[in-house]
There are 2 protein chains.
Amino acid sequence: MELSERKMTILKAIVRNYLETGEPVGSRTISKYTDLNLSSATIRNEMADLEEMGYIVQPHTSAGRIPSDAGYRVYVDVMMEEKTKEVEEIKVNLLEKEAKLDQLLKQTAKLLATNTNYASMVSAPVIQGNRLKLIQLSRMSDRQLLVVIVADGNIIKNSIIPLSESINEETVLKLNILLNTNLNGLEIENITLGLIASLKQLAGIHSDIVGEVLDAVADAIHADEDLEIYTSGANNIFKYPELTDNNMASSIINTFEEKQDLNSLVVRNLESEDNNGIRVYIGEESPVASMKDCSIVTATYNLGDGMKGTIGIIGPKRMDYDKVVDNLKDVMHQLDSIYKK
Amino acid sequence: MELSERKMTILKAIVRNYLETGEPVGSRTISKYTDLNLSSATIRNEMADLEEMGYIVQPHTSAGRIPSDAGYRVYVDVMMEEKTKEVEEIKVNLLEKEAKLDQLLKQTAKLLATNTNYASMVSAPVIQGNRLKLIQLSRMSDRQLLVVIVADGNIIKNSIIPLSESINEETVLKLNILLNTNLNGLEIENITLGLIASLKQLAGIHSDIVGEVLDAVADAIHADEDLEIYTSGANNIFKYPELTDNNMASSIINTFEEKQDLNSLVVRNLESEDNNGIRVYIGEESPVASMKDCSIVTATYNLGDGMKGTIGIIGPKRMDYDKVVDNLKDVMHQLDSIYKK
DNA sequence: GTTAGCACTCGCCCAATCTGAGTGCTAACA
DNA sequence: TGTTAGCACTCAGATTGGGCGAGTGCTAAC
């Protein structure tokens with residue numbers, strides 16, 4: 001069977017109505033709600049077809065219909081297509097300029113959660129093809145070295161490394177110069193084994209220390225695998241009874257607290273570029289098991305210099321996709337422009 | 001009326017029974033549960049007294065009794081007294097040694113939550129009377145300076161400060177020496193205005209920069225006002241129906257997500273030293289409004305060098321206080337000893 | 001192809017009823 | 001005087017059954 005124009009109109013009406021009310025919607029409602037001027041009986045015939053096609057389901061006999069995951073899917077796809085044609089609307093809920101990036105991202109998460117009444121998450125930017133700006137070694141004690149690494153976008157990492165041999169101030173100075181002259185401006189991925197070997201050679205008798213320092217650099221970068229994620233409005237899920245039944249709320253809250261799963265969501269999301277950077281996961285499509293009854297909308301922000309991160313909204317399947325997408329786009333652009341200043 | 005020994009026994013039996021079952025407990029149960037060999041009728045008389053004295057309440061006529069906040073209070077007080085007499089028991093759920101303090105604390109929170117089946121929080125240590133170990137300035141660009149501050153306990157803070165005048169490498173080196181020779185080993189509280197003034201004088205034409213750097217130091221320390229708090233097991237509250245009614249769960253989860261209130265709990269807790277460092281807040285005693293229906297048990301850990309933090313367990317009023325106190329004591333000692341190694 | 005009409009289904013609401021745990025009181029007993 | 005058995009009473013919670021209404025599918029007619 002084919003999804004005729006009329007069927008499409010009816011499907012859209014059903015979804016939109018259900019988003020508003022959260023109640024199964026019946027044929028009579030649609031008959032009035034649309035401007036098709038069809039009787040409820042005709043609508044019923046069409047609805048029977050739509051059900052057969054898998055776009056809507058009946059929670060129980062003699063109830064109205066609600067959209068299936070597939071139904072939401074076509075609704076969202078059509079909506080997204082229409083959105084790309086729309087003129088970009090400028091909103092006024094400006095993010096305040098914040099000195100520190102982490103504060104800004106926290107605030108972003110909060111703003112999104114408040115505006116949408118869903119739960120939100122914002123990941124810190126992942127370093128991608130990022131360049132080293134500065135490596136600073138400082139001698140803390142006889143056998144302890146403080147390593148500070150600054151990368152593009154002023155991302156700072158520290159670590160204190162214990163040394164197997166003792167070291168004096170002069171050596172530290174030499175190593176600083178050695179490392180900075182050879183590594184600055186390099187992309188982190190480009191620090192090869194060959195380069196490391198030649199550095200070690202240059203360091204002479206201190207080659208061990210160079211090795212340890214570079215290990216620390218690698219570690220510091222590697223630590224980004226579990227990157228910071230800011231969340232807000234997790235308690236908004238309590239506004240949607242369908243998410244608080246059973247122990248659904250428990251597992252959702254857990255996901256938000258552990259953040260491990262959100263992390264893999266971010267990683268997965270950054271890997272594939274998309275449609276304006278906006279992606280919609282509906283129900284079972286969700287990559288996170290605990291959110292099989294939610295929808296997740298994500299966007300990718302890009303601060304330049306390969307600094308990308310993910311923003312996401314998590315809510316019930318009957319979320320207001322329009323509003324959410326608008327909000328995400330808006331915040332995305334605001335983030336970009338604030339940072340460029 | 002006086003709280004006779006027999007009344008005390010009955011009260012303890014009621015509390016203990018209610019902790020186990022979560023159901024109001026009746027006279028017949030107590031009559032069997034205790035070894036007093038009294039009939040249910042006698043127990044009823046005593047219970048009427050206990051109710052009049054405010055230690056127990058009836059949720060409704062013809063229901064059993066449950067402990068009031070006051071009832072829990074005497075139970076906990078007696079228990080705590082008995083505990084101090086007990087020999088310290090050594091548990092086996094060792095925390096693994098972790099290189100990084102934040103990892104260790106995260107793990108601690110998780111362990112507590114899993115062991116107790118309540119929600120847990122662990123605050124990062126507050127710096128109290130902490131000494132500066134190292135200040136490291138590095139020139140990032142013409143008008144940007146990277147400041148890295150290391151304090152006792154290897155607490156590291158960075159910030160990048162914009163300068164109002166340009167600066168060269170040589171000056172940075174001088175300032176590094178100046179600051180380190182004058183400030184190292186000083187407690188943060190002891191950096192007085194007088195000292196700052198004399199440093200500025202020593203810096204000569206670069207006095208402005210010294211001012212800016214010291215501001216950054218102050219800022220970095222000040223940022224500790226909202227210190228890191230690790231939480232775990234927030235979803236455990238769903239195991240206790242009395243905490244998930246109404247929108248209680250929502251506000252508890254919110255408190256856990258925002259962490260602002262937990263923060264003030266920590267601060268308040270560190271101010272007053274107590275009874276083994278263990279404190280119990282029951283219901284209305286709670287300093288956090290959203291937890292008026294919970295009990296909170298906190299402990300203070302002390303890593304030495306004035307580094308103290310708070311560990312807390314949040315659960316229903318009918319929590320297993322015994323177990324919680326044991327767990328907290330245990331973890332407290334483990335933290336202390338791990339760090340001393 | 002569209003519509004009116006009709007029988008049918010089934011979740012939900014409400015009120016009535018029943019059950020059982022638990023109480024308070026009283027009278028009797030040691 | 002403290003303890004106990006007995007009894008009437010209370011009340012939340014579970015169970016039942018009827019009525020309502022929203023909604024459906026089917027059929028026959030336009």
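Letters A, B, ... are given to chains in the order of the sequence lines, protein chains preceding strands, and every chain is numbered from 1. No hydrogens, no waters, no symmetry mates; every other heavy atom, side chains included, goes into these values.
Contact between the side-chain N/O atoms of A:Ser40 and the OP1/OP2 oxygens of C:dT3 is not found at any separation under 4.0 Å. At least one side-chain nitrogen or oxygen of A:Thr61 sits closer than 4.0 Å to the OP1 or OP2 atom of C:dC10. Taking 4.0 angstrom as the limit, A:Arg44 places none of its side-chain polar atoms (N or O) nearer than this to OP1 or OP2 of C:dT3. OP1 and OP2 of D:dG23 both lie 4.0 Å or more from every side-chain N or O belonging to A:Ser27.
Rounded to whole Å, atom P of D:dG13 lies 6 Å from atom NE2 of B:His60. With rounding to whole Å, B:Lys7 atom NZ is found 14 Å from D:dT3 atom C1'. Atom NZ of A:Lys32 and atom P of D:dA22 are 10 Å apart (whole Å). Distance, B:Asn45 CG to D:dG2 C1': 10 Å, rounded to whole Å. Nucleotide D:dT24 holds its C1' atom 15 Å from the CG atom of A:Leu50, rounded to whole Å. Note: CD1 (A:Ile14) to P (D:dA22) measures 18 Å, nearest angstrom. Note: CD (A:Glu23) to P (C:dG11) measures 15 Å, nearest angstrom. Whole-Å rounding puts the B:Ile43 CD1 to C:dA21 C1' distance at 17 Å.
Comparing C:dG24, C:dC10, D:dT3 by their closest approach to the side chain of B:Arg65 singles out C:dG24. Of the candidate nucleotides D:dT10, C:dT3, D:dT4, D:dT4 has the atom nearest to the side chain of B:Ala41. Ranking C:dG24, C:dA4, D:dT24 by closeness to the B:Gln58 side chain, first place goes to C:dG24.
By the 4.0 Å N-to-carboxylate-O rule, B:Glu2 lies too far from B:Lys7 to be salt-bridged with it. Classification of B:Lys317 and B:Glu285 as a salt-bridged pair fails, no side-chain N sitting under 4.0 Å from a carboxylate O.
Summarising the geometry, atom OG belonging to B:Ser4 is positioned 10.5 Å from atom CG belonging to B:Leu11; distances are rounded to the nearest 0.5 Å. Note: B:Glu257 CD to B:Thr255 OG1 = 10.5 Å, rounded to the nearest 0.5 Å.
With a cut-off of 3.5 Å on both pairing distances, the Watson-Crick or G-U wobble partner of C:dT2 is D:dA29. The partner of D:dA12 is C:dT19, by the rule that a Watson-Crick or G-U pair needs both atom distances under 3.5 Å.
For B:Leu38 and A:Thr29, each mapped to the nucleotide of DNA chain D holding its nearest heavy atom, the one lying further toward the 5' end belongs to B:Leu38.
Heavy-atom neighbours of A:Asp77 CG from other residues, nucleotides or ligands within 6.0 Å: above the threshold of 12.
On a pure distance criterion of 3.5 Å, a polar donor-acceptor pair joins the side chain of A:Ser62 and the base of C:dT9.
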